[in-house]
Amino acid sequence: MAAAVQMPSDLLDLSANLQRADGLLRQARDAGAELVVLPELFNTGYSLCPDFGPYGETPEGPTMTYLLRRARQWNLHIAAGYVEREGRHLYDSLAFCTPGGDLHVYRKRNLVFWERFRFHPGRSPLIVPTPWGRVGFAVCADMIYDRVWQEYRDRIDLAVVSAAWPEFADRGTGRRHWLLGRVGPLCSDIPGRVAEDLGIPVVFANQCGETQTRIPLLHTTIRDRFAGLSSICDGRHGEPLRAGVGPDLLLKPVTVHMKRGMKSWHFTSHSAPAAASSASAPS
């Protein structure tokens with residue numbers, strides 16, 4: 001059973017964001033999920049900030065400590081985006097925490113817009129073996145690039161994509177940006193295309209809620225919102241399950257083809273609405 005969490009994040013409010021995520025992780029666990037994917041920078045929120053430095057984390061940081069504890073307690077594999085610190089450098093990273101206490105980290109390789117002024121790019125793909133197959137990782141704009149998926153072709157059995165993908169449209173009027181307006185809806189299409197092309201499940205978790213998209217080269221700020229549209233695409237097996245633009249928790253069985261055969265995760269319900277205000281405090 002795979003779960004994709006679509007949630008808003010309060011900018012730089014770590015406590016509120018962890019509390020909100022905890023309620024959604026609990027729902028996913030209670031529904032029988034084995035893999036849960038949270039959005040890009042779920043713990044800090046995603047926006048151009050004066051300084052992400054104080055929120056950069058090592059493996060001993062509060063977010064990693066929390067995710068590793070929940071992975072062990074609830075027997076979950078959890079993928080979640082956060083600001084990683086290594087030395088004086090910050091990365092837009094994706095943590096993968098396992099029930100056995102392992103922490104694997106993927107660093108976003110294709111930085112866009114203001115990210116180039118805040119983060120260092122990652123240099124390599126990440127493939128992690130699990131009991132149900134090899135998992136490959138991407139963060140948001142990474143999934144646009146064909147070379148990312150060519151590096152994973154025939155090497156992974158399932159892909160995880162964590163994102164904070166905006167609509168590129170004014171949230172008040174709905175008017176799309178003259179240049180980037182067509183980019184927003186792509187987050188609904190690309191995971192399905194990757195799943196079909198590679199023949200593997202793709203679990204895509206995006207942020208939702210209001211934001212402001214800064215485009216430095218165009219000296220433009222869009223009063224935007226995140227596109228939502230998270231999805232679980234089961235390779236070439238059936239139709240994708242997609243969210244709308246608001247908070248949601250997608251739950252779907254996926255079919256993983258491994259060298260030792262085929263395994264399908266089964267579940268009785270397809271989607272559970274996620275009320276952010278009902279999340280309980282982590283403990």
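In this chain, numbering begins with 1 at the start of the sequence shown.
- L38 CG to N17 CG: the interatomic distance, rounded to the nearest 0.5 Å, is 10.5 Å.
- Take N43 and apply the side-chain hydrogen bond (donor to acceptor under 3.5 Å, both in side chains) test, not counting sequence neighbours, and it matches T63.
- Contact detail for A28 and A3: the closest heavy-atom pair is CB-CB, 4.0 Å.
- The cationic atom of R147 (NZ for Lys, CZ for Arg) lies less than 6.0 Å from the six-membered ring centre of Y145 and within 45° of the ring axis.
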Might you work through the side chain to side chain contact (heavy atoms under 4.5 Å, CB included) test for L76 and E34, ending with a clear yes or no? CA-CA 5 Å; L76 292 172; E34 299 173 63; 5.9 Å; no
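- For S162 (side chain) and A80 (main-chain N/O), no donor-acceptor pair under 3.5 Å exists by modelled atom type.
- Side chains of M1 and L251 form a contact here, defined as non-hydrogen atoms less than 4.5 Å apart.
- With sequence neighbours excluded, the residues that form a side-chain contact (heavy atoms from CB on, under 4.5 Å) with R109 are Y106, P125, D142, V148, E151, Y152.
- Each of Y91 and V160 belongs to its own hydrophobic cluster when Ile, Leu, Val, Met, Phe, Trp and Tyr are linked at side-chain heavy-atom distances under 4.5 angstrom.
- The cationic group of R118 does not satisfy the cation-pi geometry with F52, failing either the under 6.0 Å distance to the six-membered ring centre or the 45° limit from the ring axis.
- Under the 3.5 Å distance criterion, with hydrogens and angles disregarded, a donor-acceptor pair is assigned to the side chains of E115 and Y46.
- Residues L250 and L94 share a hydrophobic cluster, clusters being chains of Ile/Leu/Val/Met/Phe/Trp/Tyr side chains in contact below 4.5 Å.
- Minimum interatomic distance between I156 and A159 (heavy atoms only, all atoms of both residues): CD1-CB, 4.1 Å.
- Without hydrogens or angle criteria, W149 side chain to V194 main chain gives no donor-acceptor distance under 3.5 Å.
- Residues I232 and A2 approach most closely at CD1-O, 3.5 Å, considering heavy atoms.
- Contact check for Y55 versus Y82: no side-chain heavy atoms found under the 4.5 Å cut-off.
- By the 4.5 Å heavy-atom criterion applied to side chains, R242 and S188 are counted as neighbours.
- Side-chain contact check for F137 versus V105: every heavy-atom pair is 4.5 Å or farther apart.
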Walk me through it: do V139 and V161 pass the test side chain to side chain contact (heavy atoms under 4.5 Å, CB included)? CA-CA 5 Å; V139 174; V161 183; over 6 Å; no
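- Between V135 and D157, every side-chain heavy-atom pair lies at or beyond the 4.5 Å cut-off.
- A salt bridge does not link K108 to E84: none of the charged nitrogens lies less than 4.0 Å from a carboxylate oxygen.
- Taking the side chain as every heavy atom from C-beta outward, P121 and R107 never approach each other to under 4.5 Å.
- Note that CG of L111 and SG of C140 are 10.5 Å apart. Values are rounded to the nearest 0.5 Å.
- Salt bridge absent: D30 and R26 never bring a charged side-chain N and a carboxylate O closer than 4.0 Å.
- The distance from atom OG of S93 to atom CG of L126, rounded to the nearest 0.5 Å, is 10.5 Å.
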Would you check, one step at a time, whether the test salt bridge (Lys or Arg N to Asp or Glu O under 4.0 Å) holds for K252 with D234? CA-CA 9 Å; K252 182 177 172 63; D234 192 14; 5.3 Å; no
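- Taking CG of D92 as the start and CG of N110 as the end, the distance is 11.0 Å to the nearest 0.5 Å.
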Would you be so kind as to tabulate the donor-acceptor pairs closer than 3.5 Å made by side chains of residues 95-102, with sequence neighbours excluded?
from	atom 1	to	atom 2	distance (Å)
T98	OG1	G100	N	3.4
T98	OG1	D102	N	3.1

Test T130 against L35 for side chain to side chain contact (heavy atoms under 4.5 Å, CB included), laying out the working first. CA-CA 10 Å; T130 71; L35 168 67; over 6 Å; no
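- In this structure, R134 and V128 have side chains that are not in contact, with every pair of non-hydrogen atoms separated by 4.5 Å or more.
- Listed by first and then second residue, the salt bridge (charged side-chain N to carboxylate O under 4.0 Å, His left out) pairs involving residues 183-192 amount to none (not counting sequence neighbours).
- At distances below 3.5 Å, at least one donor-acceptor pair connects side-chain atoms of T58 with backbone N or O atoms of E60.
- D10 pairs by the side-chain hydrogen bond (donor to acceptor under 3.5 Å, both in side chains) definition with R20, not counting sequence neighbours.
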For residues 196-208, please give each side-chain donor-acceptor pair under 3.5 Å, one per line with the distance, not counting sequence neighbours.
from	atom 1	to	atom 2	distance (Å)
D197	OD1	R153	NH2	3.3
D197	OD2	R153	NH2	2.6
N206	OD1	A164	N	3.4
N206	OD1	W165	N	2.7
N206	ND2	W165	O	3.2
N206	ND2	G228	O	2.9
Q207	NE2	E40	O	2.8

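- Closest of all the heavy-atom pairs between C187 and A227 is SG-CB, 3.7 Å.
- The cluster map of Ile, Leu, Val, Met, Phe, Trp and Tyr, joined by side-chain heavy atoms under 4.5 Å apart, puts L249 and L25 in the same cluster.
- At a threshold of 4.5 Å between side-chain heavy atoms, the hydrophobic network of Ile, Leu, Val, Met, Phe, Trp and Tyr places V245 and V5 in two separate groups.
- Residue Y66 is grouped with residue L24 when hydrophobic side chains (ILVMFWY) are merged at heavy-atom distances under 4.5 angstrom, including chains of intermediate members.
- Ring centers of H77 and H104: at least 6.0 Å apart, outside the cut-off.
- T44 places none of its side-chain heavy atoms less than 4.5 Å from the side chain of L11.
- Under the 4.0 Å criterion applied to side-chain N and carboxylate O atoms, D22 and R70 are assigned as salt-bridge partners.
- Judged by distance alone, with hydrogens and angles left aside, the side-chain atoms of Q6 form a donor-acceptor pair with the main-chain N or O of G244 at under 3.5 Å.
- Note: E57 CD to L90 CG = 11.5 Å, rounded to the nearest 0.5 Å.
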